[in-house]
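Data first, discussion second: the structure below is written as structure tokens.
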Amino acid sequence: MLLLIVATFVFTLPVKAQCETKNDAFKSGELVMYDLFFNWKFIWTKAGFASLSTNATTYHGKPSYRMNMLAIGSKKADFFFKMRDTVTCVIGDELQPYYFKKAAEEGKRYTIDEARFSYHDGVCYVKQKRTHRDGKVTTSDYNDSRCIYDMLSILAQARSYDPADYKVGQRIKFPMTTGRKVEEQTLIYRGKKSFTAENDTTYRCLVFSLVEYKKGSEKEVITFYVTDDKNHLPVRLDLYLNFGSAKAFLRSVSGNRHPLTSIIPN
């Protein structure tokens, strides 16, 4: 499921491979619930739910956070496209990636992707493994002087960045593991927009797009809206999938670290 060209100003994520960033956005116990909507033949229909939870844990004796994202399509939606995704990452208390796993049943495909991160002499190393439905396993290793992220650890990092100096069209580049390989990714800052969620609350948001490049052309993969406050809480995701389009809209949030000052009074 789940994860952007006009600007000449390029903002890159910190090149320090240790990846440490101060967490200013979330705390243990945060739980965010979303409603999923799929589009078939120009008709939008409610087709499941998603959740994003963050809890304190330890990893090899080190204080850490465990983030879990679930995306489950309804049985009604299974007729068109079956989706059962479970994504987990473990990050340090300074948000450095330690472990990533994605178990994905999407249509007829079922795979389990894993990535394990380590850091030595200013270099980030990642060991990746993909397990297929038939038991076939493929592995690969990769290293980079920059920090390598996964789809959840980059979200955790991005939530703690100060967007005050972002310019519309600004690019944010970073390497990301998929569990099968490491790919260069680009975020583009789209500016600010207001969004009214499923709970009838309107939020002032920062809008970003994740794009990929194939055969010289740019393809938008995900556009996401995060609250324009200290939480930088994802409240809307627009996903462009192989079978069509999907959207995730915020339904509820609990355990947020800061007041939601981005709420626009009705």
Side-chain angles (χ1 to χ4, degrees), residues 1-7 9 11 13 23-27 29-39 42-54 67 69-71 151-152 154-172 174 185-212 218-241 244-266:
M1 163 183 163
L2 323 151
L3 320 234
L4 291 166
I5 287 195
V6 220
F9 180 81
F11 173 82
L13 296 177
N23 172 25
D24 285 326
F26 59 86
K27 64 180 180 179
E30 182 184 84
L31 175 62
V32 193
M33 299 295 298
Y34 301 89
D35 287 323
L36 291 179
F37 295 83
F38 292 169
N39 181 280
F42 307 105
I43 298 174
W44 284 99
T45 182
K46 188 173 179 180
F49 74 91
S51 66
L52 177 65
S53 61
T54 303
M67 300 180 69
M69 177 181 284
L70 303 177
M151 62 184 295
L152 285 185
I154 186 60
L155 173 61
Q157 287 261 350
R159 289 181 65 183
S160 287
Y161 293 141
D162 183 359
D165 295 327
Y166 285 177
K167 301 181 188 305
V168 175
Q170 181 172 326
R171 300 185 185 194
I172 305 167
F174 60 95
Q185 302 286 350
T186 301
L187 288 175
I188 296 179
Y189 174 54
R190 299 299 193 189
K192 295 184 180 183
K193 291 184 179 180
S194 297
F195 165 66
T196 301
E198 289 299 285
N199 57 7
D200 293 324
T201 301
T202 301
Y203 299 89
R204 185 179 64 255
C205 297
L206 307 169
V207 184
F208 296 84
S209 293
L210 174 68
V211 301
E212 63 182 13
E218 181 182 89
K219 178 185 177 183
E220 193 154 348
V221 180
I222 303 174
T223 297
F224 59 96
Y225 295 63
V226 299
T227 55
D228 187 16
D229 54 34
K230 291 184 177 180
N231 298 283
H232 294 158
L233 184 74
V235 294
R236 170 178 170 177
L237 300 172
D238 295 353
L239 304 107
Y240 306 97
L241 309 173
S245 301
K247 295 180 185 290
F249 292 160
L250 177 71
R251 186 172 70 194
S252 65
V253 57
S254 60
N256 42 296
R257 180 170 176 175
H258 303 287
L260 287 163
T261 56
S262 59
I263 292 177
I264 299 173
N266 294 326

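Keep in mind that what you see is a predicted model, and the values were worked out from it rather than measured.
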OG1 on Thr227 to CG on Leu206, rounded to 0.5 Å: 7.5 Å

Which atom pair, heavy atoms only, marks the closest approach of Ser53 to Leu31? CB-CD1, 3.9 Å

Give me the atom names and distance for the closest heavy-atom approach of Val226 to Pro234. CG1-CA, 4.0 Å

May I ask you to test the Val253-Leu233 pair for a side-chain heavy-atom distance under 4.5 Å? yes

Contacts of type salt bridge (charged side-chain N to carboxylate O under 4.0 Å, His left out), residue Lys192, not counting sequence neighbours: Asp228

Enter the distance from Ser160:OG to Asp162:CG here, rounded to the nearest 0.5 Å. 10.5 Å

Partner residues of Glu30 under the side chain to side chain donor-acceptor pair (under 3.5 Å) criterion, sequence neighbours left out: Arg159

Phe26 backbone acceptor or donor facing Asn23 side chain under 3.5 Å: yes

Nearest 0.5 angstrom please: Met151 CE to Gln185 CD, how far? 10.5 Å

Considering only heavy atoms from C-beta outward, does the side chain of Leu260 approach that of Thr201 to under 4.5 Å? no

Measuring from Tyr189:OH to Leu187:CG, what's the distance to the nearest 0.5 Å? 13.0 Å

What residues, two or more places apart in sequence or in another chain, satisfy side chain to side chain donor-acceptor pair (under 3.5 Å) together with Asp35? Arg251

I want to check something: taking the side chain as every heavy atom from C-beta on, are Asp238 and Tyr225 in contact at a cut-off of under 4.5 Å? yes

Partners passing side-chain contact (heavy atoms from CB on, under 4.5 Å) against Ala197 (at least two apart in sequence or in another chain): Phe195, Asn199, Tyr203, Leu250

So which heavy atom on Lys27 is nearest to which on Gly255, and how close? CE-O, 3.2 Å

Just one of Phe49, Phe224, Tyr34, Phe37 clears the ring-ring contact (aromatic ring centres under 6.0 Å, His included) bar with Phe249, so which one? Phe37

In the structure I gave you, are the side-chain heavy atoms of Cys205 and Lys193 within less than 4.5 Å of one another anywhere? no

Going by side-chain contact (heavy atoms from CB on, under 4.5 Å), name the residues that satisfy it together with Ala158, two or more places apart in sequence or in a different chain. Tyr161

Minimum-distance pair of heavy atoms, taken over all atoms of Asp165 and Gln170: O-OE1, 3.8 Å

Who pairs with Thr202 by side chain to side chain donor-acceptor pair (under 3.5 Å), at least two apart in sequence or on another chain? Thr196

Look only at the side chain of His258 and the backbone of Asp24, and say whether a donor-acceptor pair between them is shorter than 3.5 Å. yes

Can you name the closest pair of heavy atoms from His232 and Asp229 and give their distance? CD2-O, 2.7 Å

Between Ala156 and Met67, the two heavy atoms sitting closest are CB-SD, 3.8 Å

